[in-house]
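To find a chain, count down the sequence lines: A is the first, B the second, and so on, and within it residues start at 1. Given the structure is predicted, the values throughout are model-derived calculations rather than measurements.
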There are 2 protein chains.
Amino acid sequence: MSRREAPGWQQIREELLRRIRDREWRPGTIIPTEVELAKEFGVARATMHRALRELADAGTLERRRRLGTRVTMHPVRQARFGIPLLRREIEETGAVYGYRLLSRAVKVAPTAVSEALGIPYRAILTQVRAVHSADGRPYVLEERWVHARRVPGFAAADLSVVSANEWLLANIPVSTGEMTLTAERARADVARLLDCQAGDPVMTVRRVTWRDGVGITQVRLVYAPGHAIVSAIGVDP
Amino acid sequence: MSRREAPGWQQIREELLRRIRDREWRPGTIIPTEVELAKEFGVARATMHRALRELADAGTLERRRRLGTRVTMHPVRQARFGIPLLRREIEETGAVYGYRLLSRAVKVAPTAVSEALGIPYRAILTQVRAVHSADGRPYVLEERWVHARRVPGFAAADLSVVSANEWLLANIPVSTGEMTLTAERARADVARLLDCQAGDPVMTVRRVTWRDGVGITQVRLVYAPGHAIVSAIGVDP
DNA sequence: CAGTGGTCTAGACCACAGC
DNA sequence: CTGTGGTCTAGACCACTGG
């Protein structure tokens with residue numbers, strides 16, 4: 001074996017996981033304290049703390065002062081997936097990325113959009129529509145609303161070359177948001193842009209992005225039929 | 001203000017995030033070393049390390065020995081969502097949960113299933129089909145394949161009362177897996193069970209679960225039309 | 001080789017929650 | 001009050017990697 005040795009706290013975490021998997025420590029039971037486990041494994045308390053904290057962060061253990069550490073009764077498994085640039089998402093499949101700006105306009109935002117972004121009714125926002133393609137075939141339709149006043153530089157951005165998706169990700173380093181996934185029927189205009197039949201089932205993603213507690217942008221991504229979103233489930237990331 | 005003080009490493013993380021958001025530290029640039037930052041903030045190196053590691057885990061920073069720490073150029077935002085029991089997922093909407101076992105049989109697994117689980121071609125698995133409902137209306141169709149030999153006790157489990165979903169989650173404490181989301185057209189038999197029209201767009205989730213590197217179960221969940229999957233995007237959780 | 005982050009230690013004090 | 005986990009310190013050594 002030429003495998004390098006994992007750090008101590010990781011080895012300890014694996015051993016603790018094994019005890020849980022093998023039901024030596026059953027869900028709901030209290031396990032020994034940090035000090036006791038540190039002594040058992042012959043490590044400093046900080047090292048044992050690291051292993052236990054990782055498992056607690058993953059939802060496998062629940063820790064409370066005075067009470068101790070218990071194995072979670074009904075662990076909620078976490079699914080995680082990355083949200084790369086659409087360009088990278090496409091290029092990673094080995095295809096050639098293409099991009100076409102359909103329209104850019106300043107309009108009164110629909111109620112649903114202004115509510116999602118937490119801005120006044122009938123606010124004036126920038127709407128951008130574009131199609132991203134893979135090897136020339138339509139991949140996803142991007143329909144975006146941007147609160148341009150809250151995004152310095154956006155008004156001057158040339159979106160015919162760099163997509164709004166890419167520009168925003170590069171210019172808003174840190175943000176939070178919410179994503180909603182639905183299966184919808186392609187409307188006729190969407191079907192035409194995606195080169196599919198009206199009524200085809202299409203994966204639709206709606207993302208709202210916030211920065212410092214205020215809404216910045218909402219985007220609706222309609223993927224061409226057959227698109228799959230893959231995500232890992234697990235304890236480790 | 002009666003707000004309790006956050007731990008030091010969290011305050012430091014927020015300040016580092018602020019510098020990134022405000023573009024004092026631009027994407028791609030190298031930031032000061034742990035030792036320098038620890039001195040600047042007047043804390044031990046371990047405390048600064050904790051703050052930096054959290055940001056690196058979130059993908060905001062990239063750290064490499066010798067090279068130092070840089071602000072990630074194109075951060076891949078992470079979306080996370082919990083996978084609760086279907087029963088809890090339904091009850092959290094305020095609806096009354098219902099469950100009906102449709103069939104349970106031992107069969108030769110289709111090729112797609114045995115491949116996904118990494119088991120021999122034409123292996124014998126247990127197939128379970130069930131409908132979960134909310135306030136009496138069909139909510140999701142569960143079509144599951146279980147490698148019963150690898151799940152002690154499953155053969156004796158009574159799935160007419162507790163769903164396979166619930167039984168497995170309670171009896172397999174730790175597992176990993178993969179999830180694939182697609183938008184599909186409801187087949188006629190599915191539409192009948194979900195009380196919708198054939199051809200309706202339905203969110204379809206395929207989950208493969210592994211334990212100790214061997215496949216345990218695959219499930220296909222077909223949600224009734226209109227179902228939305230909501231997920232948080234962010235840097236922290 | 002040297003400089004950086006990754007890990008570990010031994011010890012300390014604090015925060016919380018049950019008694 | 002006591003016992004638990006949460007945080008922090010000062011210091012040490014190791015692992016990786018560019019020069």
Side-chain angles (χ1 to χ4, degrees), chain A residues 1-17 19-20 25 27-73 75 236-237, chain B residues 1-17 19-20 25 27-73 75 236-237:
Chain A
M1 304 273 284
S2 69
R3 268 202 2 207
R4 231 180 314 97
E5 196 84 353
W9 68 266
Q10 287 183 26
Q11 294 184 26
I12 291 170
R13 183 190 56 182
E14 292 314 306
E15 167 61 15
L16 301 180
L17 265 178
R19 294 184 185 184
I20 296 169
W25 292 340
T29 60
I30 303 279
I31 72 174
T33 66
E34 276 189 9
V35 176
E36 289 168 347
L37 288 170
K39 188 186 292 182
E40 179 197 335
F41 283 82
V43 297
R45 191 189 148 213
T47 303
M48 182 56 64
H49 180 74
R50 175 77 190 270
L52 291 166
R53 182 164 50 77
E54 294 277 334
L55 290 173
D57 287 348
T60 306
L61 296 178
E62 290 171 336
R63 318 196 71 195
R64 288 174 66 190
R65 286 164 165 148
R66 172 79 188 186
L67 191 89
T69 303
R70 71 169 65 235
V71 181
T72 302
M73 193 76 87
D236 206 13
Chain B
M1 301 276 284
S2 69
R3 265 196 12 201
R4 230 181 315 95
E5 196 84 352
W9 68 265
Q10 288 183 25
Q11 294 184 24
I12 291 170
R13 183 190 57 182
E14 293 314 307
E15 168 59 16
L16 300 180
L17 265 179
R19 295 184 185 183
I20 296 169
W25 291 341
T29 59
I30 303 278
I31 72 174
T33 66
E34 276 188 9
V35 176
E36 289 167 347
L37 287 170
K39 186 186 292 183
E40 180 197 335
F41 283 83
V43 298
R45 192 191 146 210
T47 303
M48 183 55 65
H49 180 75
R50 175 78 190 269
L52 291 165
R53 183 164 50 76
E54 295 277 334
L55 291 173
D57 287 348
T60 306
L61 296 178
E62 290 171 337
R63 317 196 72 196
R64 288 175 65 192
R65 286 163 165 149
R66 172 80 189 186
L67 191 88
T69 303
R70 72 167 66 236
V71 181
T72 302
M73 193 76 86
D236 204 18

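Non-hydrogen atoms lying under 4.0 Å from DNA chain C are contributed by A:Ala44, A:Arg45, A:Ala46, A:Thr47, A:Arg50, all within residues 44-52 of chain A.
Minimum interatomic distance between B:Trp25 and B:Pro32 (heavy atoms only, all atoms of both residues): CZ2-CD, 3.9 Å. Taking every heavy atom of both residues into account, A:Ile30 and A:Leu67 meet most closely at CD1-O, 3.9 Å. Nearest heavy atom pair, residue A:Arg45 against residue A:Ala38, reads CA-CB, 4.0 Å. Nearest heavy-atom pair across B:Glu34 and B:His49 is OE2-ND1, 2.5 Å. Heavy-atom minimum distance, A:Ala51 versus A:Ile12: CB-CG2, 3.7 Å.
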Atom pairs, protein N/O to nucleotides 2-4 of chain D N/O, distance under 3.5 Å:
from: D:dT2; atom 1: O2; to: A:Arg66; atom 2: NH1; distance (Å): 2.3
from: D:dG3; atom 1: O4'; to: A:Arg66; atom 2: NH1; distance (Å): 3.2
from: D:dT4; atom 1: O2; to: A:Arg66; atom 2: N; distance (Å): 3.3

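The nearest whole Å value for the distance from the CZ atom in B:Arg53 to the C1' atom in D:dC8 is 14 Å. Look at CD on A:Glu62: it is 16 Å from C1' on C:dA17, rounded to the nearest Å. Put simply, CD1 on A:Ile31 is 8 Å from P on D:dG5, counting in whole angstrom units. When rounded to the nearest whole Å, the span between CH2 of B:Trp9 and C1' of D:dT9 equals 17 Å. For the pair A:Lys39 NZ and C:dT9 P, the computed distance is 15 Å after rounding to whole Å. The nearest whole Å value for the distance from the CD atom in B:Glu54 to the P atom in D:dG6 is 13 Å. Rounded to whole Å, the distance from CZ on A:Arg13 to P on C:dG6 is 16 Å. Between A:Arg70 atom CZ and C:dA17 atom C1' the separation is 14 Å, expressed in whole Å.
You'll find the side chain of A:Arg19 reaches within 4.5 Å of the side chain of A:Glu15, heavy atoms only.
Between the side chain of B:Thr47 and the backbone N or O of B:Trp9 there is no donor-acceptor pair closer than 3.5 Å. One N or O on the side chain of A:Arg70 and one on the backbone of A:Gly28 form a donor-acceptor pair closer than 3.5 Å.
Note that OG1 of A:Thr60 is 10.5 Å distant from CG of A:Leu16, once rounded to the nearest 0.5 Å.
Using a 4.0 Å heavy-atom cutoff across all strands shown, A:Val43 reaches sugar-phosphate atoms only and no base atom.
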